[in-house]
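Notes follow once the structure below has been shown.
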Amino acid sequence: MISALQQHLASPDVTLETHVRRCHAGLDEELRPRRIIYLDTKYWIILRDVVAGVRTADPETELLGALRGLVSTGKAFCPLSESTFAEMLKQSDKRTRIATAKIIDELSLGVALIPFEQRVAMELRTFIYGQCRDLGVPELQRLPWTKLGYVLGVVHPHETAFDASTELAIQKAFFDHMWSLSLSEMVDALGGKEMPSDRHPRLAEQLNAGNAKHAGHLHSFRQTYVIEAQGAAEAYASMAMEIARDLQKLITGTSPSGADSAAEAEAVRIWTNILLAALKQDKFKVVLPSLHINTCLHASVRWNKPQQLEANDFEDFRHACSALAYCDIFLTERRLRAMVTANHLALDRQYDCKVAAAIPDALTLLHSE
């Protein structure tokens, strides 16, 4: 880290934002020739146990061999997501955590997807900028990949005791250090720390109660989707508004003047309507995949009235958002596969992502690569 600090002290004209973006763009270019295979936690545990000799069945050992072959020959990689990372930290045994991290290090090539909220922001930015091409706004490059050290997002040291140029060099050197960190090193440093207590059981209970209360008003999946899309639009309208304001500053060179609370609320209402209208159109579902996929899955549970949301559904939905929108193959559990491939969703076909649950089916997909 000392040599990196010295290097960055010698290049004070390179901003932190530029340095970070160059690293992300370089990673994207490096990964472009490879196919992307997303494994949910179930599959990472299977692979870990095969490496440890706990599982010795032929299909499971063949699965590990197939994935290793695709990765080592430059044909594929298997990225980590924040959902998998969170589920891995629920393992109470540090030994199994480290073992899981090591196989992820190997097959992921040290690569992770940026967190869900950052992906939504990236997709919203692409959507909003795309509506302003006539104003000379450049097309944005989507950069969804990061390194394992930043699987939960990028944080920089700030408000240090150093002068501005030294702090900038420290920030860039710290970024480089985290960029090169392996998951095994991260897990080892965390020791026995676990994720914060899970609020999902309580949230599932609340949503199930609300769904049951209004079930009689649902008459089609399309109607159910629109109701869920309304909630998604309301949740992310403020984010869209801030992106639009940043774009206005980029175009005009001036920041929007301050607004009172009434004007602020009206702007949020307008952006809610814009996002809802976008989610109703197929062409924008491609631009806003994370919001669309998550909305579809919640609507699917709500439309299937006897079905109850379970606590682990929230992480499963995030797995699906990660895999379907950004990967070529998704290896998951039977229940989630059945949901995303159902005819009224057909998310696998919409995003051209092949989905398998059983290991023999997974092997068929891998051998076709």
Side-chain angles (χ1 to χ4, degrees), residues 20 23-48 51 63-64 66-89 97 100-123 141-154 178-187 289-290 293-294 315-333 336 340 347-348 351-356 362 365-366 369:
V20 170
C23 290
H24 281 275
L27 180 61
D28 184 75
E29 183 70 24
E30 179 185 332
L31 296 171
R32 201 164 293 164
R34 294 176 180 261
R35 300 281 279 172
I36 309 163
I37 303 168
Y38 187 96
L39 313 178
D40 75 4
T41 308
K42 161 192 165 182
Y43 274 88
W44 285 118
I45 290 173
I46 290 172
L47 296 175
R48 177 201 71 195
V51 172
L63 177 69
L64 176 62
L67 288 169
R68 277 177 162 167
L70 289 169
V71 172
S72 65
T73 56
K75 294 180 179 178
F77 71 102
C78 308
L80 179 69
S81 72
E82 60 181 319
S83 300
T84 306
F85 182 71
E87 290 177 336
M88 184 184 71
L89 290 188
R97 278 191 190 184
T100 307
K102 285 182 177 178
I103 190 62
I104 292 174
D105 280 332
E106 177 185 348
L107 297 181
S108 71
L109 299 177
V111 175
L113 271 166
I114 60 175
F116 179 83
E117 295 293 321
Q118 283 185 231
R119 296 201 305 274
V120 172
M122 177 182 68
E123 294 162 11
Q141 180 186 8
R142 289 197 185 199
L143 298 172
W145 307 113
T146 189
K147 286 300 192 81
L148 296 177
Y150 286 120
V151 65
L152 297 181
V154 176
M178 293 297 295
W179 193 255
S180 64
L181 204 63
S182 72
L183 188 61
S184 304
E185 291 170 321
M186 288 175 59
V187 171
S290 297
I293 294 167
N294 200 49
E315 290 298 351
D316 285 346
F317 293 173
R318 291 295 175 90
H319 283 305
C321 290
S322 299
L324 295 166
Y326 293 97
C327 303
D328 301 297
I329 292 177
F330 180 23
L331 305 187
T332 186
E333 298 179 350
L336 189 56
V340 303
L347 293 168
D348 58 327
Y351 295 101
D352 193 23
C353 179
K354 299 172 182 175
V355 186
L365 292 180
L366 297 180
E369 292 298 309

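Shortest non-hydrogen contact noted between Met88 and Ala101 is SD-N, 4.1 Å. Here the closest non-hydrogen pair linking Ser290 and Phe116 is CB-CE1, 3.8 Å. Heavy-atom minimum distance, Gly149 versus Met178: O-CE, 3.4 Å. Between Cys327 and Pro79, the closest heavy-atom pair is SG-CG, 4.3 Å. The minimum heavy-atom distance linking Asp28 with Gln141 is given by the pair OD2-NE2, 3.5 Å. Closest approach of Val355 and Asp348 over heavy atoms only: CG2-CB, 3.8 Å.
Salt bridge absent: Arg318 and Glu315 never bring a charged side-chain N and a carboxylate O closer than 4.0 Å.
Atom OH of Tyr43 sits about 12.0 Å away from atom SG of Cys78, to the nearest 0.5 Å. Distance check, rounded to the nearest 0.5 Å: CD1 of Ile46 to CG of Leu39 gives 9.5 Å. Residue Cys321 holds its SG atom at 9.0 Å from CG of Leu347, rounded to the nearest 0.5 Å. Atoms CZ and CE, on Arg119 and Met122 in that order, are 7.5 Å from each other to the nearest 0.5 Å. For the atom pair NZ of Lys147 and OG of Ser182, the computed distance is 10.5 Å after rounding to the nearest 0.5 Å. The OG1 atom of Thr100 lies 11.0 Å from the CG atom of Asp105; values are rounded to the nearest 0.5 Å.
At least one side-chain heavy atom of Leu183 sits less than 4.5 Å from a side-chain heavy atom of Met186. Between Val120 and Asn294, the closest side-chain pair of non-hydrogen atoms is not below 4.5 Å.
A distance-only check finds no donor-acceptor pair linking the side chain of His24 to the backbone of Pro144 [under 3.5 Å].
Partners of Arg35 under the side-chain hydrogen bond (donor to acceptor under 3.5 Å, both in side chains) rule, at least two apart in sequence or in another chain, are Asp328, Glu369. The side-chain contact (heavy atoms from CB on, under 4.5 Å) check on Pro289 picks up Glu123, Arg142, Ile293, Ala325, Tyr326, Tyr351, with sequence neighbours excluded. Partners of Glu106 by salt bridge (Lys or Arg N to Asp or Glu O under 4.0 Å), not counting sequence neighbours, listed by chain and number: Arg68.
Atom NZ of Lys42 sits in a crowded spot, with more than 12 heavy atoms from other residues, nucleotides or ligands closer than 6.0 Å.
The aromatic rings of Trp179 and Tyr150 sit tilted relative to each other, their planes meeting at an angle between 30° and 60°.
His319 and Glu333 share no side-chain donor-acceptor pair at under 3.5 Å.
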